[in-house]
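Sequence lines set the chain letters: A, B, ... in the order given, protein chains first and strands last, and positions in each chain run from 1. When reading the values below, keep in mind they use all heavy atoms of this one structure, side chains included, and skip hydrogens, waters and symmetry mates.
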Amino acid sequence: MSIADDHRPDEGGDDLVAAEFVLGVLPVEERAAAARRIGAEPDFLHAVERWEGHFAPMASAYAPVEPPASVKAAIDRRLFSQQPAAAARPSSFWSSLTFWRGLAAAAVAALLLAVAIPYMGAPVGEPRGQLVASLVADGSDVRYLAVYDPSAGEVSLSHVSGERAAGKDFQLWTIEGGNIPVSMGVIPSGQAVRLPVDPAFAGKLTAGVKLAISLEPAGGSPTGQPTGPVVSVGDLFRL
Amino acid sequence: MEPRTSAFATGSQTPAGSAGPQDIVKLIVRTSMKDRAAFDLLYRHTSAKLFGVCLRVLNDRAEAEEALQEVFVKIWMKADRFAVSDLSPISWLVAVARNHAIDRVRQRRRATVDIDEALDIADPAPDPEAAVAAGGETQRIHLCLDELEKDRAEAVRGAYLRGESYAELAERYRVPLNTMRTWLRRSLLKLRECLER
């Protein structure tokens with residue numbers, strides 16, 4: 001790209017704007033315009049990240065300075081003062097799940113009404129043992145609705161929102177109690193997709209079991225366990 | 001990119017002493033899962049560096065303290081964004097802090113830009129040990145800056161460390177604004193050519 005860009009009249013084009021943004025020299029309006037482009041244009045985002053990487057070694061000249069204790073206290077007040085003490089100190093992944101579920105309760109109800117019921121196909125009064133989970137997480141826009149149909153031996157996933165990053169995949173996991181997560185496979189891209197359920201595992205998919213989606217390298221986790229952040233999570237429950 | 005540790009691992013606590021890049025990765029990932037204990041440790045290990053960044057750019061202690069608060073609020077909210085970044089963990093945190101401090105400094109109208117005072121503060125040469133410790137990340141930028149004329153390299157370094165705008169740089173080097181911009185863009189083109197060589 002550099003050869004073509006060098007011959008453009010503005011000498012360098014977008015890549016140089018990205019460098020100016022990272023360096024921090026742009027006046028306030030141009031800086032705001034560049035910041036908006038980061039969110040909207042993946043190519044520009046990559047150019048910015050490349051320059052951040054190039055310039056990063058210069059940051060070793062920033063001398064560390066211990067901030068006063070009042071700063072951390074103020075951060076905690078801003079972030080956590082509205083929560084009851086129990087919820088404010090999740091000590092583990094599991095308690096943070098509880099925290100998310102609390103936040104997600106309203107979303108579950110809304111999603112079920114809006115998305116699940118029309119999808120089900122089964123007339124009311126003829127329960128087929130299906131289980132449903134609404135997958136959401138605080139701080140993530142990735143949302144799926146999962147429906148497990150034991151008679152079909154598959155999990156249907158409807159994609160509600162949130163895109164996977166370039167070169168990354170979403171992987172579905174099931175977590176029973178405090179056991180380690182078990183992979184159900186990489187989620188194919190698409191609005192409505194299905195994942196077959198290993199018959200040996202089918203009996204374990206019951207109400208209360210968690211489904212979680214993590215962000216993984218393309219093709220799925222190389223280790224057999226989640227390696228990226230959890231972007232969406234929810235409990236299976238009976239319709 | 002460095003291998004990421006399991007997002008589900010929560011068992012071992014990182015010791016309070018020194019934290020390597022892998023420990024910081026773990027703490028960021030756990031922070032993205034709203035784990036407050038991890039967030040507290042992340043703060044303990046990185047707040048001094050990030051406060052140094054805020055102080056340098058904002059050049060005002062009270063404002064830097066406020067900026068540091070906002071930076072860690074951002075980190076709590078947006079730690080999941082780290083998963084889609086190719087930067088090393090400390091570089092990502094520094095980028096969050098630097099960008100926030102620069103946003104702040106651009107938005108305030110500095111009553112006086114005390115150029116003379118600013119000129120008196122010499123930029124410390126990058127600490128070679130720290131540079132080695134940063135590991136993994138290419139140090140090529142230093143070699144490429146050395147290929148520029150001395151004052152031009154100094155302008156790039158100063159702009160990066162102090163977050164100066166084109167207007168402030170023009171004042172510092174006593175040249176018209178457009179000249180300053182042309183000057184610096186040429187330096188960036190040369191840098192890019194060297195970095196991609």
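- Residues A:Pro57 and B:His142 are in side-chain contact: their nearest non-hydrogen atoms beyond the backbone lie under 4.5 Å apart.
- Between chain B and the residues A:Pro67, A:Ala166, A:Pro217, the most heavy-atom pairs under 4.5 angstrom are made by A:Pro67.
- A:Val25 places none of its side-chain heavy atoms less than 4.5 Å from the side chain of B:Met180.
- At a 4.5 Å heavy-atom cutoff, the contact between B:Leu184 and chain A is made by side-chain atoms alone.
- The CZ atom of A:Phe55 lies 11.5 Å from the CZ atom of B:Arg157; values are rounded to the nearest 0.5 Å.
- To the nearest 0.5 Å, atoms CG (A:Leu79) and CD1 (B:Ile75) are separated by 10.5 Å.
- We find that B:Arg44 and A:Glu66 are not joined by a salt bridge, their nearest charged nitrogen and carboxylate oxygen being 4.0 Å or further apart.
- Contact annotation for B:Ala167: neither backbone nor side-chain heavy atoms come within less than 4.5 Å of a heavy atom of chain A.
- With a 4.5 Å cut-off on non-hydrogen atoms, A:Glu216 does not touch chain B at all.
- Between B:Arg192 and A:Trp51, the closest side-chain pair of non-hydrogen atoms falls below 4.5 Å.
- B:Arg181 places no side-chain N or O within donor-acceptor distance of the main-chain N or O of A:Leu26, the cut-off being under 3.5 Å.
- A distance of 10.0 Å separates NE2 in A:His54 from SG in B:Cys194, rounded to the nearest 0.5 Å.
- In this structure, the portion of B:Val94 lying under 4.5 Å from any heavy atom of chain A is its side chain and not its backbone.
- Interatomic distance, B:Gln69 CD to A:Ile75 CD1, rounded to the nearest 0.5 Å: 6.0 Å.
- Proximity to chain A (any heavy atom under 4.5 Å) is shown, for B:Ile90, by neither the backbone nor the side chain.
- Using a 30° and 60° split on the angle between ring planes, B:Tyr160 and A:Tyr62 fall in the tilted class, from 30° to 60°.
- Formation of a donor-acceptor pair under 3.5 Å by the B:Arg36 side chain with backbone atoms of A:Asp76 is not found in this model.
- When heavy atoms are compared at a cutoff of 4.5 Å, B:Leu55 approaches chain A solely by way of its side chain, counted from C-beta outward.
- Residue-environment remark: NZ (B:Lys190) stays at or below the threshold of 12 foreign heavy atoms within 6.0 Å.
- Expressed to the nearest 0.5 Å, how far CE of A:Met58 lies from CD1 of B:Ile141 amounts to 5.0 Å.
- Distance alone, capped at 3.5 Å, places no donor-acceptor pair between the B:Arg98 side chain and the A:Ala59 backbone.
- In this structure, CD in A:Glu20 is found 6.5 Å from CG in B:Leu188, a value given to the nearest 0.5 Å.
- What you find for A:Pro68 and B:Glu65 is that their closest heavy atoms are CG-OE2, 3.2 Å.
- Your options are A:Val28, A:Val22, A:Leu23, and the one with the most heavy-atom pairs under 4.5 Å with chain B is A:Leu23.
- At a cut-off of 3.5 Å, with distance as the only test, a side-chain donor of B:Asn99 or A:Glu52 sits close to an acceptor on the other residue.
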